[in-house]
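Notes follow once the structure below has been shown.
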Amino acid sequence: MMPGGAGSPLQQLIAQFGSSVIVIDASQLAAVNVDHRKLYQGKALALALPRSTAEVSKLLAFCNALRIGVIPQGGNTSYCGGTAPDDSGTQLVLSLRRMNTLREMNPVNDSMIVEAGCILADVQRAAADVGRFFPLSLGAEGSCQIGGNLSTNAGGVNVVRYGMTRDLVLGLEVVLADGRVLSTLQALRKDNTGYDLRHLFIGAEGTLGVITAASLKLFPAPRSVATAFVAVPTSASAVSLLNELRTHCGDLVSSFELIPDIAIDLVVRHLPGSRVPLDGTSPWYVLCEITSALPNEPLGERLEAALAAALEAGLVTNATLAQSERERQDFWFIREHIPEAQRRDGPSLKHDISLPLDRLAAFIASAGDWIRDEIPEGYLVCYGHVGDGNLHFNINQTANPVQSPNAAAGALVSRQNEIRRVIHDRVHELGGSFSAEHGIGRHKVEELERYASPLELELMRAIKRTFDPNGIMNPGKVLRIASLSR
Ligand code: FAD
Ligand code: MLT
Ligand code: ZN
């Protein structure tokens, strides 16, 4: 029977849940049918917009009974194609956007309970309103949702001090594939009562169930801050500078981001209003920040002293400290807008890799040489969360005025598999990861199959079968399982 015919799954969904929950409006479907990077264009059966955990539960029980594939969607900002339905017209996109209630704020316990559809920036603001701090921070925070952050175990710019999303969670509420609700929404810091199930859902990218709410850790709000934009001669100096800063400032270091000169050029070219913090040129820069919860701490002096020692040691060639919140925002504007500037500049390939810090600079040098020598179609834009050993080793299309823009676009993209193989193999040989913070989605399923051990894959598949025996949850993402894939 056709999806749209009488008695069809779509008709049954509408009859059961009503047209305010099951949306078939073409323009709303167009927005959810494609992922952020436009890597995958699908065709959803419909868009479900539940308002409560009970409604998510009924929807999943219904879809499980009818074997309808369900694609959870948050802000749709993730990079690996995890949110796009396939093109069969039989999968239901389930957006959490209506479930955006702050269920509990508990400053005494330093915790809060939020629904999965809350926008990350709103979660940060709610914490700030009671004088607390929720440290997860990334360029997409104005539109990504906490449910998406949890499901991708997002990283961002504060990991060096506070950890990944996983480290910020006390408990979860999850609707399982068959509709049962697993609630571990406690706000405890200590609870050693058997297997810790919440961690299976964090980073599962919607393949094991739908996260509907989370109990999150809060921290004392930073009340003193110092931010520096620093020119360094090599990427190796940047790594050494991190060590120097930690020696001088200990665990006050909360962000440590590497920025190449080419990224600054891109931001200045594509985003009017951006201000370059330092005069002169340097191949590399570091944006670093130290913070303290104590008021009126002389952090500027401390950071200046650390940078002066690094200048003396030849690790730094120039540096400036933000003299106002406005200047601090200007520094961060450059860093946060690199992905947008890259996007505006044309097609690009993304490699979200991590390496042990002692191997990072050697990797940048050798893989950078390889790109310069072997990939005339592209140029390297390597930046990111060096404090965590995480590089966005991205390659942008070289402008080629001889070819038409579309022919030029094809040139780099047509070599993506070959380029990815060389980069990821090298990362793997050095003990690194081919996906540090962006996940697997649909885009990196083959990479996971290549680099995970057979035992890891066997155990992951066993977990998938246990939680989702009918394979309805985000089919084809993260893992391919012959008997489950649809
Ligand atoms: P979506 O894209 O909607 O979904 C992501 C995955 O989670 C999908 O597989 C989806 O099916 C699943 N999912 C979503 N909600 C739920 C739910 N409630 N229950 C179960 N499964 C669900 N990422 C980083 O880690 N660090 C960065 O620094 C960073 N910077 C970025 C900067 C920009 C400008 C952009 C555009 C993206 C950036 N990202 C970064 C990637 C992205 O923002 C993160 O992966 C984010 O966590 C995704 O959240 P989302 O709500 O958009 O999730
Ligand atoms: C970032 O840190 O800005 C993103 O995770 C990287 C990217 O867009 O490639
Ligand atoms: Zn990142």
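Please read all numbers here as calculations on a predicted model, not as lab measurements. Here, residue 1 is the first one in the sequence, and each next residue gets the next number. We count ligands from 1, going down the list as the structure has it; atoms in each ligand are counted the same way.
- Of the protein's non-hydrogen atoms, the one nearest atom 8 (O) of ligand 2 is Y79 OH, 2.7 Å.
- Ligand 1 has H36 within reach: a non-hydrogen atom of the residue lies less than 4.0 Å from it.
- Of all atoms in ligand 1, listed by their number and element, those nearer than 4.0 Å to a heavy atom of G82 are 8 (C), 9 (O), 11 (O).
- For ligand 1, none of its N or O atoms has an N or O atom of Q73 under 3.5 Å away.
- Inspection of the environment of the Zn ion (ligand 3) yields the following protein N, O or S atoms under 2.8 Å: H385 NE2, H392 NE2, E437 OE2.
- Applying the 4.0 Å criterion to heavy atoms of H385 picks out, from ligand 2, the atoms 2 (O).
- Ring pair H424/F434 is tilted by interplanar angle, where 30° to 60° counts as tilted.
- The distance criterion of under 3.5 Å between nitrogen or oxygen atoms is not met by A154 with respect to ligand 1.
- Under 4.0 Å from ligand 2, the heavy atoms of N394 that appear belong solely to its side chain.
- T227 and E289 form a side-chain donor-acceptor contact under 3.5 Å, judged by distance and modelled atom types alone.
- The protein atom (non-hydrogen) at minimum distance from atom 5 (O) of ligand 2 is H438 NE2, 2.8 Å.
- The protein non-hydrogen atom at the shortest distance from atom 7 (C) of ligand 2 is Y383 OH, 3.1 Å.
- For the pair A116 and ligand 1, the shortest N or O to N or O distance does not fall below 3.5 Å.
- Tested against F229 for a ring pair (Phe, Tyr, Trp, His ring centres under 6.0 Å), the candidates Y285, W284, F333 yield a single pass: Y285.
- Nearest residue to atom 2 (O) of ligand 2 from E257, R335, E336 is R335 (criterion: closest heavy atom).
- Checked against a 3.5 angstrom limit, the closest N/O atoms of C144 and ligand 1 fall outside it.
- Of the options L457, I440, V445, a side-chain contact (heavy atoms from CB on, under 4.5 Å) to L479 is made by L457 and by none of the others.
- For G117, the heavy-atom gap to ligand 1 stays at 4.0 angstrom or more.
- The side-chain hydrogen bond (donor to acceptor under 3.5 Å, both in side chains) test with N417 is passed by exactly one of R421, R415, R420: R420.
- Between G74 and ligand 1, at least one pair of N/O atoms sits closer than 3.5 Å.
- If you check which protein heavy atom lies closest to atom 4 (C) of ligand 2, you get H392 NE2, 3.6 Å.
- Numbered from 1 in the order shown, with element, the atoms of ligand 1 that lie under 4.0 Å from a heavy atom of L138 read 27 (C), 28 (O), 29 (C), 30 (N), 40 (C), 43 (O).
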For side chain to side chain contact (heavy atoms under 4.5 Å, CB included), just list the numbers for V386 and V286, CA-CA rounded to whole Å, side-chain angles, deciding distance to a tenth of an Å, and then say yes or no. CA-CA 9 Å; V386 163; V286 165; over 6 Å; no

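- If you check the side chains of D86 and Q91, you find a donor sitting under 3.5 Å from an acceptor.
- Considering both main-chain and side-chain atoms, E437 comes within under 3.5 Å of ligand 1 through a nitrogen or oxygen pair.
- Within the listing of ligand 1, atoms 18 (N) sit less than 4.0 angstrom from a heavy atom of L96.
- Checked against a 6.0 Å centroid threshold, the rings of H270 and H337 do not count as neighbours.
- Of the protein's non-hydrogen atoms, K350 NZ, 3.0 Å is the one closest to atom 9 (O) of ligand 2.
- Ligand 1 lies out of reach of I71, whose nearest heavy atom is not under 4.0 Å from it.
- Proximity to T83 (heavy-atom distance under 4.0 Å) selects the following atoms of ligand 1: 1 (P), 2 (O), 3 (O), 4 (O), 8 (C).
- The side chain of Y79, and not its backbone, has at least one atom closer than 4.0 Å to an atom of ligand 1 (non-hydrogen atoms only; side chain from C-beta on).
- Residue H385 places a heavy atom under 4.0 Å from ligand 1.
- For the pair G441 and ligand 1, no heavy-atom separation below 4.0 Å is found.
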Candidate pair L412 and I375, rule side chain to side chain contact (heavy atoms under 4.5 Å, CB included), full reasoning: CA-CA 8 Å; L412 177 69; I375 316 294; 4.0 Å; yes

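- Annotation for ligand 1: atoms under 4.0 Å from non-hydrogen atoms of T152 are 5 (C), 6 (C), 45 (O), 46 (C), 47 (O).
- Of all atoms in ligand 1, numbered sequentially from 1 with element shown, those under 4.0 Å from a heavy atom of S151 are 7 (O), 12 (C), 13 (N), 16 (C), 17 (C), 19 (N), 20 (C), 21 (N), 22 (C).
- Residue-level proximity to ligand 1 for H438 is carried by the side chain, the only part with a heavy atom below 4.0 angstrom.
- Heavy atoms of E437 found under 4.0 angstrom from ligand 2 belong exclusively to the side chain.
- Nearest-residue assignment for atom 15 (N) of ligand 1 (options C118, A140, G148, S95; heavy-atom criterion): G148.
- Only the side chain of N474 comes within 4.0 Å of ligand 1, counting heavy atoms alone; its backbone N, CA, C and O stay farther away.
- Near G206, the atoms of ligand 1 lying under 4.0 angstrom from a non-hydrogen atom of the residue are 20 (C), 21 (N).
- The atoms of ligand 1 that sit less than 4.0 Å from any heavy atom of G209 are 20 (C).
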